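To keep things clear, I will list the structure first and then write my remarks on it.
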There are 2 protein chains.
Amino acid sequence: MATPVMALVETADPARSQSEEAYLRIRERIVSLDMRPGSVVNEGRLREELKIGRTPIREALQRLARENLVRSIPHRGTFVTDVNITDLARITEVRVVLEAHAARLAAERLSGADRKCFTDLLQVLEHGPSVDQRELMRLDQQIHRQIYIAARNPFLESTLERYFNLSLRLWYLVLDRDVSLREALEEHMELLRAILAGDQDRAEQSMRRHVTGFEREIRKVLVER
Amino acid sequence: MATPVMALVETADPARSQSEEAYLRIRERIVSLDMRPGSVVNEGRLREELKIGRTPIREALQRLARENLVRSIPHRGTFVTDVNITDLARITEVRVVLEAHAARLAAERLSGADRKCFTDLLQVLEHGPSVDQRELMRLDQQIHRQIYIAARNPFLESTLERYFNLSLRLWYLVLDRDVSLREALEEHMELLRAILAGDQDRAEQSMRRHVTGFEREIRKVLVER
DNA sequence: CCGACCAATATGCGAGCGATATACCGCGGG
DNA sequence: CCCGCGGTATATCGCTCGCATATTGGTCGG
């Protein structure tokens with residue numbers, strides 16, 4: 001099945017610098033587990049694979065290190081950050097409060113354009129979207145990002161973007177397991193309805209449930225490994 | 001006048017890289033308003049003043065740009081980020097929820113070593129510390145940082161550290177104005193007592209009041225300019 | 001007066017050099 | 001014979017330096 005939504009992410013902005021290019025491509029690889037957690041990051045290899053010089057790669061890795069996606073040890077090497085239950089808990093701890101607050105703000109500050117986006121997304125959800133997990137992941141991503149935008153707070157947006165990528169990698173980890181997504185869908189619809197209704201408390205609570213529910217699902221799969 | 005506490009910041013860790021060194025020193029300059037908001041950042045000048053090469057400076061500026069302390073426009077120049085009421089509101093919006101949650105976690109996870117730090121800080125507060133604003137700023141900084149540590153969440157800690165620096169610059173802006181610090185002191189004591197008592201709800205609420213109160217004070221001075 | 005070209009400036013990127021920490025290997029002691 | 005230790009080899013990294021490039025502001029010509 002074709003995934004038209006995919007294009008949104010794959011389309012590259014040609015005007016971005018090589019540093020940015022390197023950062024985005026390496027991040028994509030790490031988040032999608034194309035580069036395994038714990039594995040070494042070979043700078044020379046990346047250089048030839050991405051056809052990019054050393055400086056941009058280095059800058060990208062520094063940026064990824066600050067975002068906790070890689071860990072650099074001087075004169076020893078750079079490694080993809082390992083995943084563990086503790087980090088999952090710590091990340092979720094922050095995400096719960098931030099995402100919930102973003103949802104509240106989105107409900108409070110909803111503008112016309114945002115309203116249209118959310119109604120569109122809600123329609124997709126109500127028409128029973130594909131059961132393909134990757135498609136659902138994209139959808140979830142769109143919903144969250146739209147909420148960040150609707151919250152009208154650039155600081156919050158960039159911080160949440162960072163945490164979302166960390167969480168996204170965890171989701172990729174459990175992709176082929178049977179995680180219950182039925183209730184996640186319900187949560188999403190409830191969340192969107194609350195935002196569209198301008199009900200701040202309900203939006204906040206819905207998001208809180210959604211993120212904690214997400215953590216519970218990931219945790220279940222993570223502990224049995 | 002002598003500020004003995006100042007030495008805490010000036011003492012440099014010799015083992016840190018030049019990038020780190022440049023980052024910290026430039027950040028200090030920006031936060032303390034030694035480099036004025038809106039002014040251009042001259043790379044060559046920094047290079048000779050800090051006696052540091054071009055690459056470390058560049059890396060430091062990139063990092064500062066991601067933290068919203070400078071803004072880089074390709075082939076045009078780098079500028080110290082301007083301050084305005086909108087940003088103050090946006091930053092506070094995030095800080096309120098994060099700091100409050102950190103206070104809650106600190107109250108929940110308080111360990112022996114942390115307890116000692118907090119009691120020491122509380123004692124300083126109760127003995128009526130200096131009325132020197134810079135001294136009080138240092139104290140406030142210590143309290144917040146200690147809470148970040150006590151929250152036992154490295155992700156939360158680094159995120160809050162970033163937002164704290166943004167706020168700190170705003171504080172510097174109003175340094176020589178007559179901001180009421182009496183109630184800030186009361187807030188601090190109440191906050192520390194709540195944490196030491198392990199009262200999560202009270203700690204969270206105290207911190208919430210403290211941060212919103214901080215914003216109100218800054219705002220008052222900021223609007224009358 | 002307006003438009004286009006040109007010099008100046010600042011950045012993006014690439015390659016290399018010296019430094020440093022690790023790993024391996026051979027040697028000596030137990 | 002095994003274990004520990006020291007020296008050398010190697011790989012990676014941080015940093016310096018130089019070239020290519022893009023944007024700006026001013027100036028010259030129409």
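What you are looking at is a predicted structure, and each value in this text was computed from that prediction instead of being measured. Each chain gets a letter, A, B and so on, in the order its sequence line appears, and its residues count up from 1.
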Select one nucleotide: of D/dC13, C/dG12, C/dA10, the one nearest the side-chain heavy atoms of B/Asn42.
-> C/dA10
Value in whole Å for how far the P atom of C/dC13 lies from CD of A/Glu21 = 10 Å
Just call it for A/Ser19: base, sugar-phosphate, or nothing, with non-hydrogen atoms closer than 4.0 Å on any strand.
-> sugar-phosphate
Going by an N to O cut-off under 4.0 Å, is there a salt bridge joining B/Glu49 and B/Arg29?
-> yes
A/Arg152 and B/Glu93 ion-paired at < 4.0 Å = no
Look at A/Arg109 together with A/Asp114 and state whether they make a salt bridge at an N to O cut-off of under 4.0 Å.
-> no
Euclidean distance, atom CG of residue A/Leu50 to atom P of C/dC13 [Å, nearest integer] = 13 Å
Report the distance from atom CZ of B/Arg58 to atom P of D/dT16, rounded to the nearest whole Å.
-> 14 Å
Starting at CD of A/Glu59 and ending at C1' of D/dC15, how long is that distance when rounded to a whole Å?
-> 13 Å
Nearest-nucleotide check on DNA chain C, A/Pro74 vs B/Glu43; residue mapping nearer the 5' end is B/Glu43
D/dG14 phosphate, OP1 or OP2, under 4.0 Å from A/Gln62 side-chain N/O = no
With a 4.0 Å cut-off on heavy atoms, is B/Arg76 in touch with a base, just the backbone sugar-phosphate, or nothing at all?
-> sugar-phosphate
Closest to the B/Thr78 side chain, choosing from D/dC13, C/dC13, C/dT11 | C/dT11
Side chain to side chain, A/Leu61 and A/Tyr23, heavy atoms closer than 4.5 Å | no
Looking at D/dG14, D/dG18, C/dA10, which one has an atom nearest to any side-chain atom of B/Arg54?
-> D/dG18
